Amino acid sequence: MNELKLTRDERAAIDSDHWFSTLSATLRHDILRCVYVKRFEDGEPICTHDRPPEAWFACARGAMRASTASPSGRQITFAYAAPGMWFGEIPIFEGNQRSHGVYAHGRTKAICVAKTDFRKILARHVEFYEALLQLHASRIDQLIGVVADCHSLQLRARLAKQLLHLTERFGVPCPSHRNETCIGLQLTQEELAQLVGASRQRVNLELKAMEREEAIRVEARGLIVCNYEVLLQIAETAS
């Protein structure tokens, strides 16, 4: 890997990812020595559903949005990948096109492992298979949780859970308020609505209600979590 292409913070984000850090040192070395770096502008496709897979990816800087469109054309967002997160291995195994696309959210940098190199690493490291299975098991658990929430929770609770999730992935301390956390991912109300499967108008009403309860604060720089415990109580409220 050409170290000059990644900053120290970007390399640290890759190295500190929980899943990646559990791999053996030899496997991590073999993965990183064959990666190449690509930069993407906001909204630029990283991989799309109508193109065969070419590489396995990890976010190094910025964020990546995994989404698809419903038959009616409505945008559906599954998740936002934070720096350090890997994705794109399923289409390589299946040899098929993706059921969704991944797009840059803001100016984004990714490291990529070509499909041929990915298969060589698999052949060289048996542990890689088990590690990928563990990664998929974690994702399936998250997906089951999202589906269950859609059927059992009101929008208010679903939105609070997403805000907590975004805080865990993208949260940064507020310099002016020690006990508050800023969600570093810039999302419009429409993008939040796509994430929780609701209209922008309904999300706007719920955000205003959470502001009145002093759980959050909406500012030009982004959304601020003022009281984590209050937001957690809202998220745990069933329908």
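None of these values were measured; they are calculated from a predicted model. Basis for what follows: all heavy atoms, side chains included, without hydrogens, waters or symmetry-related copies.
Side-chain contact annotation: Asp30 with His125, donor-acceptor N/O pair under 3.5 Å present.
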Would you mind writing out the side-chain donor-acceptor pairs for residues 182-195 within the sub-3.5 Å range, not counting sequence neighbours?
residue: Gln186; atom: NE2; partner: Arg221; partner atom: O; Å: 2.1
residue: Thr188; atom: OG1; partner: Glu190; partner atom: N; Å: 3.4
residue: Thr188; atom: OG1; partner: Glu191; partner atom: N; Å: 3.1
residue: Thr188; atom: OG1; partner: Glu191; partner atom: OE1; Å: 3.4
residue: Gln189; atom: NE2; partner: Asn204; partner atom: OD1; Å: 3.1
residue: Glu191; atom: OE1; partner: Thr188; partner atom: N; Å: 2.9
residue: Gln194; atom: OE1; partner: Thr77; partner atom: OG1; Å: 3.4

Distance-only criterion, 3.5 Å: show the donor-acceptor pairs between side-chain atoms of residues 167-174 and protein atoms not counting sequence neighbours.
residue: Thr167; atom: OG1; partner: Leu163; partner atom: O; Å: 2.7
residue: Arg169; atom: NE; partner: His165; partner atom: NE2; Å: 3.3
residue: Arg169; atom: NH1; partner: Tyr80; partner atom: O; Å: 2.5

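Ring-centre distance between Trp56 and Phe128: below the 6.0 Å cut-off. Checked against a 6.0 Å centroid threshold, the rings of Phe57 and Trp86 do not count as neighbours.
Cluster annotation: Leu232 and Val196 are assigned to the same hydrophobic cluster (Ile/Leu/Val/Met/Phe/Trp/Tyr, side-chain heavy-atom contacts under 4.5 Å, transitive).
A salt bridge does not link Glu211 to Arg217: none of the charged side-chain nitrogens sits closer than 4.0 Å to a carboxylate oxygen. Ion pairing between a basic and an acidic side chain is recognised when a charged N comes within 4.0 Å of a carboxylate O; Glu54 and Lys115 show no such pairing. Look at Asp149 and Lys161 and you find a salt bridge, because one of the NZ, NE, NH1 or NH2 atoms lies within 4.0 Å of a carboxylate O, short of that distance.
Across Ser67 and Arg65, no two heavy atoms sit closer than the pair OG-NH1, 2.6 Å. The heavy-atom pair separating Asp42 from Gly106 by the smallest distance is OD1-N, 2.7 Å.
In Glu130, the CD atom is not crowded: 12 or fewer heavy atoms of neighbouring residues, nucleotides or ligands sit closer than 6.0 Å.
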